[in-house]
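Structure first, then comments.
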Amino acid sequence: MMTEPMADTIISLKDVRRDFGPVAAVDGVSFDIARGEFFSMLGPSGCGKTTLLRMLAGLDQPTAGSILLDGQPMAGVPANLRPTNMVFQSYAIFPHLNVVENVSYGLKRLKLARAEEKARVDQALALVKLEGYEQRGAHQLSGGQRQRVALARALVCRPKVLLLDEPLGALDKKLREEMQVELRSLQRSVGITFVFVTHDQEEALTLSDRIAVMARGKVLQIDTATGLYERPYCREVAEFIGTMNLFAGRVTKIGHEISVDAGSIGTLRAPASEARISVGDAVHVAVRPEKLSVLTGKARTGTNVVTGKLVASTYLGDRSRYLVQVPGVPAPVSVSLQHDGQHAAGVALPGSKINLAWPASAGIVLTA
Amino acid sequence: MRKIFTPLTLYAILFTVFLYGPVLLMPLFSFNDNTFAVFPLKGFTLKHYASMAANGSMLGALWNSLVVATIVAVIATAVGLPTAIALTRYRLRGGGAIAAALMLPLVVPSIIFAVALLVILVRILNVELSLLTVGASHVFICLPFAIMVLMSRLEGFDKSLEEASRDLGEDGWGTFRRVTLPLAWPAVISSLLMCFIISFDEFVMAFFLSGTDPTLPVFLFGQLRFPNKLPGVLALGSLILLVSTILVVAAELLRRRGVQEKPA
Amino acid sequence: MPDAMPRQTAAGFSGLAAGYALLSPAMLIIVAMLVAPMLALVTLSFWTQNGFELDTSFTLANYWALIEPADEPTMWMGIPFPFKNPVYAILMLKSLVMSLAVTAAVILIAYPMAYFLAFRVTRYKALWIIIITIPFWTSYLLRVFSWKIMLGFNGVINSGLMSLGIISEPLSFLLYNPPAVVITLTHAWVTFAVLPIYVSLEKIDRSLLEAATDLGDSKWQRFRRVTLPLSLPGTISAALLVFIPTVGDYVTPTLVGGPGGTMIGNSIQSLFLKQDNSPRGAALSIVMMAIVALLSLLFMWAVGYRKIRARSA
Amino acid sequence: MQRIKFIDRMSTGKLTRREMLKSATAFGVGLTVLPRLTAAAEVLTCLEWAGYDVPDYFGSYVGKHGGPPNFSIFAGEEDALAKVRAGFAADVMHPCNYSVNRFVTAGLTVPIDTAKLSNWKDIFPALQTADGVMSGSDVVMAPADWGNSSIAYRPDLIGDAFKDGETWAIFYDEKYKDKVALLDDYLVIQIGAMVNGMPYDQAYKLSGADLEAAKAMAAKAVQINRMLWTDATEIQQGLASGEIIAAYSWNDTIKNLSAQGIPIAYAKPKEGYFTWFCGLTLLNSGKADPALAYDFIDAWLSPETGKVLIEGSGYGHANMKSFEVAQADAIVAMGIKDPVEHMKSAILFKTMPNEVVNEQNKVWEELKALKQ
């Protein structure tokens, strides 16, 4: 796991664990988040990401392990005394208060001068573009407006870390995409560390500086969007982020390239891996759909070739998607072809035999 | 990490002691070998229970009260539920005034209602006084309680749930039965319990509107005037306490068994 | 009625007609059993009674008798009552004060219990609720009687204090006075108050509480700023539920109040049954109802009940 | 019962179409108030004091008719009066001599034909013509049970309160504040006047300015008395626990407390002590056969009932023969040696004019309300 010390760490988790009865919701997680980073936690529901977020907020306590926030250990520090604020999934807008009262909620305890409090509330409302809605009651707001109120309410407290629990989940697609852009620019303008929880990989890839992919209470990989896509550590991450074709086999040789005996489709070659692999290990050779090409002539050296039958093709305007059934490979192989002149649209017909090729450098060896 | 014994738990225990303290004196004195409920205690006896068991009219009154209270609870809740739905789900013209009118029985001293109802029932409608007249008056005084409890629950839940049900093809009745009712269920139970207790305990209306079948409070009011009858009354009170406790525990055990039988 | 967002009827319901149809059973009962007696009562209050005969000529004398001024005010507890029949005003005031004391005590005692049920009890909620209702399955009269044993001369409290050596003579001020009425009524009504408060607390979205904590509130601040305001509707219901009926109670004062504990209900009862003056009794009840209704409205207005209801809806 | 009868009549075709319709409509109008319009009651209905609805008191009626009548219970005559005036139908009522006049004045009673009562001849002559029994030349109440009202006190706790003779003054004496208890009744005004020297013959009809003048004593009593009792249990508990050392009481207090081994004495105060009696009155709203009512009254007047009353609860009975059949020690326990003599020496409660009852009640309620 990537735990090398960062220059300016704001959050540091060490072996954090949270048990609910016999179930470990968070199972020994350690990582650091840098100051000013937009950090996302991505994973299917039940993977422990929300629990982790709630432990950062202080709304839940770890069973074991430690959390450091800006260098301070957080054990025993209640939620109200932590320099974090949260945007709740349901927004949790106080129904008995209007917009201004909601936004200024967290400021009351600071006992600011009236003018200053008003200035900060106005500033926050301006930030989320809610000027003119000051006196609206909670029940008079739309979903997007509620989300903005929740954001303003958290930001106005000037937290060191803003925690967001699937804040865009309840919004429609267009609004969501708009909000994604706004959220990103907002984060840049305020410079606060955002910790963002989502199950939507596209959202995570769009927004984040770095993403932690989680499953079953564990962090599988932390990386940038590119890193996760290009260099997944394991099959699970590979399959969770985007589409990945997998060819099972056994390692036969390790040199500057790795040779894998993939049974009926022959020997596949792939670049050397960071993972610890020895000869005889069962592995998968993984390759993204857009790295594959349809081979018309003879294969060049250093290229892997498999042969199959086209089962479906979908025209997508700028590209086409083929599904190819390769004997010995359980799932159909997915191919994404750019319409760039090399491949004309709609060449192949379903049922026709097709040869797929990819350069050895485009594959990744994943353990089991 | 979880604290089991908080000050609030301690408070809940004290609250329960406050509730039960005076009530538990009943069983205490029902076993005391003395006609008078005074300290110090004299000795253990079961004779008060024997005298209670021999008191047929007391058991009759108990039965009357149980029947009346059960029926009243069901009717008041059944009438209160649609009313609460109408007042919370529809924007009715004059809804506020209607809601206020429905609460009026609370403001009027029951003795006045009792006498006025008596005149109207007997003189004008020529109805013979019976447990039915008592029951009717109890439905009337229970209604505001039932409506209040039910409304406070119905106001709370998301209307889109009902709309979702309509969308999924249920008609009005089906939506009520499959969505509204289950969601309002805790309040329905509260309402039933509350109405049962109010009716079971109501004295003034029952006193004036009962014919020749007394309810338990009416009977007890008479019995309490006779010092000799007091221990028997205490024995009955203790028995009611015991039986209701057993019922409650049994119901809870059954409920828990039901829960466990479901596959996890 | 002006309202920012008109409430929609549930899809498919045929609107108002269905709404009124749902109301009708309750309305029928209320009209039959409330309006008729009320009309009778109002009519009666404008009549006079001579012995057992009713004089049906219209008069306001019964209302005048309640407020007829006197030259010399009657002093009661240091308060001057400038009426010819000061008893009604005195009893009205006394009843209101006692009833308010009961209401305050009930809410103070019931609220933490309701809070406990809503937030602390997780597994045995139903059991707890039923546990607190069990004592009420025994007759009210018996419970009042039990309080007599509790508070009485050789009662539990006196015996207890004496055996602990705190007092040497039994305290006689415990029973047959207004505080005894307040204690007994508080005990009698406290469970009724727990239920509506519990329901309104239970309804509060837990994430609102987390949000408050997250925004920096301590437990107490969070209670004051979120939990309490959001539970106000139920709490107000509970307060009215207790206040309104206790003002007119007359059984409890009769049983534990002694002469000093009599309330307005006792006076009404006496006018109807003992003094053969039901018209004045009717006038007194109508005035009492009006005062109680007025106070309740005033109270609701003061705490902004409508506003709270509209927002939490 | 009614329903069976209804079905029976319907099946035998005796029910007219009109009756059917009426019943059906009534049923439709409201299931909750299902009226029973067919009102020819075959069972006697009695308005009775709570606790007197026991067959011991009307054994011969049960013997003759196979079961007790229906009872409607009341706890005070005012409640019963209100109920009857509102239209509650009952055949027989059990008022006392000081309250029967209110029923008579309200026009609710029917005169009793004493010739139909086999036990009438054995009634104490003093009671046969007593105040309340007669209304003009009619007998409106058949006297049945009687008892005394005097001071019951704890001789062990009383101290020297009665060293100059037993007196009602103890209830008006600051020295005994919170240790004594009178009845919650305007009688407190009358007794107060008697303590001040006014004979009962005048005190019972106090009104107007005289009543105003007598108020001060009663106001004092309201302040001094621990409580003003409304039921016998309350006062017997108080005496038993020692909370109260002297109280206005009926005979049963003495009997019950002695039975528990508590020292108790029944005073013969110098101002006098009272005798009350109650009896049975026929009501004009009754729907049953009058013969049943006469059987019931006659049962109440029988010596057997008297024996039960004397031995069981310590009250007297109107039938002279009761005192012959009752156990001698039970009679002694009542504090009675010679019943006839006893009745002469006590003050028999008088029937008060209705207006005086109202007025004294008003003053009494006000006195209580004004307690600080």
Side-chain angles (χ1 to χ4, degrees), chain A residues 50 53-54 56-60 77-99 101-111 124 135-142 146 149-159 161-167, chain C residues 1-10 111 118-120 122-123 197 199-237 300-313:
Chain A
T50 297
L53 193 76
R54 290 170 58 81
L56 289 176
L59 297 171
D60 204 345
V77 178
N80 51 321
L81 301 179
R82 293 193 183 192
T84 57
N85 283 113
M86 183 143 161
V87 175
F88 288 79
Q89 189 170 7
S90 63
Y91 309 139
I93 305 297
F94 299 118
H96 59 301
L97 304 177
N98 66 23
V99 169
E101 287 165 336
N102 260 290
V103 173
S104 63
Y105 191 96
L107 293 179
K108 289 285 181 239
R109 94 204 127 98
L110 299 179
K111 302 214 162 45
Q135 300 307 320
R136 287 273 181 102
H139 60 290
Q140 295 168 304
L141 298 172
S142 71
R146 291 165 80 90
V149 172
L151 209 56
R153 184 176 72 180
L155 284 172
V156 82
C157 299
R158 296 182 184 160
V161 176
L162 184 72
L163 308 167
L164 302 104
D165 187 4
E166 307 219 12
Chain C
M1 251 173 280
D3 197 278
M5 289 228 309
R7 267 192 249 180
Q8 306 265 310
T9 58
Y111 199 99
F119 295 115
R120 290 287 183 279
T122 44
R123 287 184 60 193
I197 301 175
V199 169
S200 72
L201 284 170
E202 177 75 11
K203 263 176 8 194
I204 297 175
D205 183 353
R206 296 302 189 269
S207 70
L208 294 176
L209 304 179
E210 292 186 339
T213 306
D214 181 67
L215 290 167
D217 273 356
S218 65
K219 273 184 185 167
W220 168 245
Q221 286 169 326
R222 177 180 81 178
F223 172 76
R224 198 173 50 76
R225 296 176 68 189
V226 180
T227 317
L228 188 62
L230 286 177
S231 66
L232 265 187
T235 310
I236 291 166
S237 302
M300 277 158 70
W301 172 79
V303 294
Y305 186 58
R306 285 189 69 89
K307 209 169 94 182
I308 293 164
R309 276 267 289 267
R311 281 195 184 161
S312 55

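Protein chains get the first letters and strands the later ones, always in sequence-line order, with residue 1 at the start of each.
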Where A:Ala154 and C:Leu215 come nearest, the two heavy atoms and their spacing: CA-CD2, 4.4 Å
Nearest-0.5 Å distance, CZ of residue C:Arg206 to OG of residue A:Ser90: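 That separation rounds to 12.5 Å.
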Inter-residue atom distance C:Gln221.CD - A:Asn80.CG, 0.5 Å rounding: 7.5 Å
With sequence neighbours excluded, residues passing salt bridge (Lys or Arg N to Asp or Glu O under 4.0 Å) with C:Asp205: none
For C:Arg225, salt bridge (Lys or Arg N to Asp or Glu O under 4.0 Å) partners two or more places apart: C:Asp217
Part of [X] within contact of chain C (heavy atom distance under 4.5 Å):
X	value
A:Phe94	both
A:Arg82	neither
A:Leu110	neither

Expected output: side-chain C:Asp214 to main-chain A:Met86 donor-acceptor under 3.5 Å: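 A pair under 3.5 Å: yes.
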Non-hydrogen side-chain atoms of C:Leu208 and A:Phe88 separated by less than 4.5 Å: no
